[in-house]
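Remember, predicted model here, so these are calculated numbers, not experimental data.
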Amino acid sequence: MSRKDLRQDKSYIWYGTLGFADPEDDLPFSGQVSYSQDKGIKIKILTENPELLDEDESLVRSMMHAYVSDSDGFYYLTLFNVFLVLTRSDGKGYELVGSAEMLVDNWVHKTSTIEEFRAEYCGAFEDFLFPRSIRDRRVMTLSNAEPVICSSGWKIAFSDNSIATFLRDENDFDSVFWTRNKNAMKELKSASADVFAKYPNDIHRRKNLSLYISFKNSGASLNCYVKRLGYWEKFIGFLIDDRISPVSGKIVFQDNKVWGDSKTKTTSVVFSHTFAYRRKRSEAAHYHFLPIKISSFFDQADVPSLRRIGSSFDKWIKVCEDSDWKPVYRSILRSFRFENHFGDTPQFASIFSDISAFLSVTDGSEKGLPEELIRKYASERWKSEVSKFFPYARKYADFDKFLGEELKSIRNSIEHPADDERRSRSFHRMLRENDFKLHRINAYVTALLLKAVLCYLDVQDEDVREKFLFRFIDEHGSFRPI
């Protein structure tokens with residue numbers, strides 16, 4: 001299509017005719033579809049048929065088609081996982097308002113076969129992949145690397161996408177290169193003249209280079225692709241301690257079961273879930289200092305073999321889907337919003353259940369005591385800094401057990417405050433009533449659990465894991481002037 005692809009970082013509003021893909025709902029509606037980063041995908045329709053509504057005056061469908069327009073022209077759209085509720089009825093008609101999880105820039109059959117799903121990311125994700133000083137070179141290196149093969153059959157690859165302008169001949173080098181030495185430019189043009197003559201219309205100047213993440217799995221449904229994409233975003237988000245969102249997305253279809261434009265095999269897509277939470281940063285170069293980069297998964301330094309990141313992603317999928325991992329997975333998701341839990345005593349108490357679940361699924365531990373986590377994963381620096389919260393800590397022979405018992409005593413003071421006096425927990429009561437100290441201790445405990453998860457995901461460098469831990473504590477557990 002000649003018009004530009006849809007993008008996550010833009011806003012759109014369309015008006016026209018909408019209808020459901022199910023045969024029993026084939027009556028069209030007039031309505032509106034809009035998308036923005038802060039509100040996601042929104043839908044408004046008008047209907048004269050109240051029988052569409054469920055008992056709770058809502059309407060839920062897996063797919064909806066729209067033929068709409070804006071100032072750029074007409075669009076065929078497909079909306080997935082639509083939820084609408086009745087907001088107004090005046091005897092002449094009914095107004096339904098709601099949202100959708102995903103919007104595809106074309107009409108799609110339920111049986112359409114997907115060949116590939118691509119997503120473009122920028123910002124934090126680019127800094128995870130490469131330093132900006134060697135950005136273009138690393139993009140080309142990664143795009144030539146072998147795809148990541150996951151045990152579940154999924155293939156993940158990196159592919160470059162360039163925007164280029166045509167170079168007619170060697171004289172166009174004046175707009176590409178600059179030098180004070182006129183002879184250098186003259187020699188460059190002279191050396192290139194024969195190449196331009198031999199390959200007319202084949203040489204271009206790259207203006208912009210972006211990197212797509214490509215997902216492939218023969219026979220997988222669109223919902224499966226979207227789920228895997230969500231897992232990938234949370235996986236990378238965990239490694240860089242922030243959330244990532246796609247700037248743009250594309251679907252490549254294997255067949256011609258795309259309505260509206262039979263010549264189009266590739267179509268753009270936007271997601272509603274990516275508008276959610278984004279942490280603002282004031283430091284422009286913040287991500288240059290990420291402890292974990294994609295090179296942490298290379299088999300050798302600067303060798304683009306991504307086999308290990310495929311193995312780690314397989315383990316991450318287990319963390320996301322296995323019910324035994326659910327407490328740990330939820331704890332990781334809470335870590336994205338850690339600042340929101342300032343002085344949150346229930347959140348601090350729940351971390352110990354998460355630790356117990358982690359030790360159970362990884363080590364087969366029956367009790368899952370915090371001292372087991374400390375003994376296996378805590379460094380001397382972590383122990384030393386945590387011990388400062390507890391007087392006389394170094395007097396105990398089993399120091400790991402002492403720290404574990406002290407942390408549990410704070411948890412017990414939260415869960416059973418009436419027993420504090422009988423259990424001699426006045427000191428621990430003071431700690432849990434001090435929001436600043438409790439938040440700081442919580443940051444240390446949460447960071448240690450996250451470090452343990454990194455071990456499970458095969459981030460093998462202990463120095464990298466340790467830097468990740470203390471960076472998390474500094475970012476989330478410190479207090480700066482407002």
Inset, instruction - Start with the C-alpha gap between Y444 and I441, add the side-chain angles, then the distance that decides, and say whether side chain to side chain contact (heavy atoms under 4.5 Å, CB included) holds. - result: CA-CA 5 Å; Y444 276 95; I441 295 171; 5.6 Å; no
Legend entry - Residue from E116, K250, K155 passing side-chain hydrogen bond (donor to acceptor under 3.5 Å, both in side chains) with S214: E116
Inset, instruction - Would you indicate whether the side-chain heavy atoms of K44 and Y15 approach each other to under 4.5 Å? - result: no
Inset, instruction - Identify the heavy atoms of L18 and G16 that sit nearest to each other, and give their distance. - result: CD1-O, 3.8 Å
Inset, instruction - Measure the shortest side-chain to side-chain distance between F80 and V226 over non-hydrogen atoms and say whether it is less than 4.5 angstrom. - result: no
Inset, instruction - Write down the atom of V328, the atom of D354, and the distance for their closest heavy-atom approach. - result: CG2-O, 3.6 Å
Legend entry - Check: T267 side chain, D105 main-chain N or O, donor-acceptor pair, under 3.5 Å: yes
Legend entry - S221 versus N223, side-chain donor and acceptor atoms under 3.5 Å: no
Inset, instruction - Pick out which of T78, V33, V269 makes a side-chain contact (heavy atoms from CB on, under 4.5 Å) with L103. - result: V33
Legend entry - Positive for side-chain hydrogen bond (donor to acceptor under 3.5 Å, both in side chains) with H476, one of D241, T446, N442: D241
Inset, instruction - Taking all heavy atoms of Q37 and all of D9, pick out the closest pair and write down the distance. - result: CD-CA, 3.7 Å
Legend entry - Intermediate values then yes/no, salt bridge (Lys or Arg N to Asp or Glu O under 4.0 Å), D463 and K467: CA-CA 6 Å; D463 184 56; K467 287 180 180 178; 3.4 Å; yes
Legend entry - Under 3.5 Å donor-acceptor, W316 side chain and L457 backbone: no
Inset, instruction - Go through H439 and F348 one step at a time and tell me if the side chain to side chain contact (heavy atoms under 4.5 Å, CB included) criterion holds. - result: CA-CA 8 Å; H439 187 74; F348 179 81; over 6 Å; no
Legend entry - Heavy-atom donor-acceptor pair, D172 side chain to R168 backbone, under 3.5 Å: yes
Inset, instruction - State, to 0.1 Å, how close E233 and P246 come at their nearest heavy-atom pair, and which atoms those are. - result: OE2-CD, 3.3 Å
Inset, instruction - Test the R228-F215 pair against the cation-pi criterion, namely NZ or CZ under 6.0 angstrom from the six-membered ring centroid and within 45° of the ring axis. - result: no
Legend entry - Any donor-acceptor N/O pair, Y329 side chain to D324 backbone, under 3.5 Å: no
Legend entry - Check: A357 main-chain N/O paired with S360 side-chain donor or acceptor under 3.5 Å: no
Legend entry - Validation row: I156, I213 side chains within 4.5 angstrom (heavy atoms): yes
Inset, instruction - Compare all side-chain heavy atoms of M102 with those of N81 and state whether any distance is below 4.5 angstrom. - result: no
Legend entry - Atom pair CD (E120) and CG (D5), whose distance is rounded to the nearest 0.5 Å: 10.0 Å
Inset, instruction - Could you tell me if the ring centre of F313 sits under 6.0 Å from that of W154? - result: no
Legend entry - Ring centroid separation W232 to F117 under 6.0 Å: no
Inset, instruction - Evaluate side chain to side chain contact (heavy atoms under 4.5 Å, CB included) for L469 paired with L450, printing each intermediate quantity in order. - result: CA-CA 7 Å; L469 178 147; L450 297 180; over 6 Å; no
Inset, instruction - Using a 4.5 Å cut-off on heavy atoms from C-beta on, say whether the side chain of F235 contacts that of V319. - result: no
Legend entry - Side-chain donor or acceptor of K451 paired with backbone N/O of Y377 under 3.5 Å: yes
Legend entry - Whether over 12 other heavy atoms sit under 6.0 Å from F177 CZ: yes
Legend entry - Side-chain donor-acceptor pair present, S192, E170, cut-off under 3.5 Å: no
Inset, instruction - First locate atom CH2 of W14, then atom CG of D70, and finally report the distance between them rounded to the nearest 0.5 Å. - result: 7.0 Å
Legend entry - Sub-4.5 Å side-chain heavy-atom contact between R334 and S331: yes
Inset, instruction - Would you check if D458 and S311 make a side-chain contact, meaning some heavy-atom pair closer than 4.5 Å? - result: yes
Inset, instruction - Grab the two heavy atoms, one from I292 and one from F468, that are nearest each other, plus how far apart they are. - result: CD1-CD1, 3.7 Å
Legend entry - Any donor-acceptor pair under 3.5 Å from K315 side chain to Y456 backbone: yes
Legend entry - Check: C455 main-chain N/O paired with R465 side-chain donor or acceptor under 3.5 Å: no
Inset, instruction - Using modelled atom types only, decide if a donor and an acceptor are shared between the side chain of T17 and the backbone of Y67 within a distance under 3.5 Å. - result: no
Legend entry - Contact check, side chains of V453 and F238, non-hydrogen atoms, under 4.5 Å: yes
Legend entry - Minimum-distance pair of heavy atoms, taken over all atoms of R88 and L46: NH2-CD2, 4.2 Å
